[in-house]
Amino acid sequence: MIIGLTGGIGSGKSTVARAFGERGIGWVDADDVAREVVAPGEPALDAIGEHFGPEVIDQDGALDRAALRKIIFEAPEQRQWLEQLTHPLIRERIIARLENIQSGPSPYALLVSPLLFESGQAVLVDRTLVIDIPIDMQLSRTLERDGVSEANVRAILDAQMSREERCARADDIIDNSRDIAHMQHQVAQLDQHYRERLSS
Ligand code: ADP
């Protein structure tokens, strides 16, 4: 069984995934995988460099994300080119990681993805779990974590799926608006629920 864990920026996806991890549950972070497939030495990075030119590669030979973002923001068809290159690679690697977890001791696996519903990755999972907090809390927790500007976070919030729509699509929801203990209690209950589903 694979559980897709999602939520908006700063909702607590990583924090909740770690809480499942403490209970012996393995997870794959789709954002980590997305970064890995364009790391130095990966064929996708070479293809990106050839397509967009040296200005998207920084001095250390890594992807200059800001430069690439600027290009694809101004030319949407370039975003499409990039996604056609990277999405199948990301998907393949996610599937391999999930299979690896499922061949180990973890009774089920989590796929942690901010864009679970938007990216089509939801087809990879059996159930979805949304981490939910009010928007003002998303804003304050993200600002505290990242030290970025409020306008920056608001732009990301505006581009993401609405809280209502995400929750409407969820099989399960964790309310992460209170303290860590309150979140951990819900994780324990869900973990038990998932284990029971597997054995029934
Ligand atoms: P996401 O992965 O969804 O972007 P994080 O797990 O990084 O979110 O959480 C965002 C920030 O909020 C982090 O700094 C984290 O430590 C903090 N956080 C998460 N859950 C709680 C909570 N229940 N109470 C207080 N702070 C929290």
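Remember, it's 1-based here, ligands and their atoms both numbered in the order they're listed. Basis for what follows: all heavy atoms, side chains included, without hydrogens, waters or symmetry-related copies.
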| message | With a cutoff of 4.0 Å, is G7 in contact with ligand 1, counting heavy atoms of the residue only? | response | no
| message | Assess whether a salt bridge exists between E74 and K70, defined as any Lys/Arg side-chain N lying under 4.0 Å from an Asp/Glu carboxylate O. | response | yes
| remark: Note: K13, heavy atoms under 4.0 Å from ligand 1, region reported as both
| Starting from atom 19 (C) of ligand 1, which protein heavy atom do you reach first, and at what distance in Å? | T15 OG1, 3.4 Å
| request: Look at atom 20 (N) of ligand 1 and say which protein heavy atom is nearest, naming residue and atom and giving the distance to 0.1 Å. | output: N176 ND2, 3.0 Å
| task | State whether the side chain of R163 and the backbone N or O of D132 hold a donor-acceptor pair below 3.5 Å, judged by distance alone. | result | no
| field | Atoms in ligand 1 flagged as close to G8, the criterion being non-hydrogen separation under 4.0 Å | value | 3 (O)
| said: Any side-chain to backbone donor/acceptor pair from Q160 onto I9? Under 3.5 Å, distance only. | reply: yes
| So, S11 and Q138: side-chain donor and acceptor under 3.5 Å apart, yes or no? | no
| If you measure from each heavy atom of A17 to ligand 1, is any distance below 4.0 Å? | no
| Less than 3.5 Å between some nitrogen or oxygen of G10 and one of ligand 1, yes or no? | yes
| Does the pair D158/R154 count as a salt bridge with the N-to-O cut at 4.0 Å? | no
| What atoms in ligand 1 come closer than 4.0 Å to a heavy atom of D179? | 23 (N)
| task | Using modelled atom types only, decide if a donor and an acceptor are shared between the side chain of K13 and the backbone of G8 within a distance under 3.5 Å. | result | yes
| query | To which protein heavy atom is atom 2 (O) of ligand 1 closest, and what is the distance rounded to 0.1 Å? | reply | S14 OG, 2.8 Å
| query | Nearest heavy atom to atom 5 (P) of ligand 1: which of M137, R145, R18 does it belong to? | reply | R145
| query | Hey, is R178 touching ligand 1 through its side chain, its backbone, both or neither, going by heavy atoms under 4.0 Å? | reply | backbone
| message | If I apply the N/O under 3.5 Å rule, does I9 come out as touching ligand 1? | response | no
| message | Please classify the I131 to ligand 1 contact at 4.0 Å (heavy-atom distances, strictly less than): side chain, backbone, both or neither. | response | neither
| said: Taking the side chain as everything from C-beta on, heavy atoms only, tell me whether M183 gets closer than 4.5 Å to D179. | reply: no
| Are W27 and Y108 close enough, and set up right, to give a ring pair (Phe, Tyr, Trp, His ring centres under 6.0 Å), and what steps lead you there? | CA-CA 9 Å; W27 83 87; Y108 57 91; over 10 Å; no
| message | Is any side-chain heavy atom of D171 closer than 4.5 Å to one of I3? | response | no
| Under 3.5 Å, is there a donor-acceptor pair between the side chain of S106 and the main chain of A109? | no
| note | The protein heavy atom nearest to atom 8 (O) of ligand 1 is G12 N, 3.1 Å
| query | Nearest protein heavy atom to atom 22 (C) of ligand 1, by residue and atom, and its distance? | reply | R141 NH2, 3.3 Å
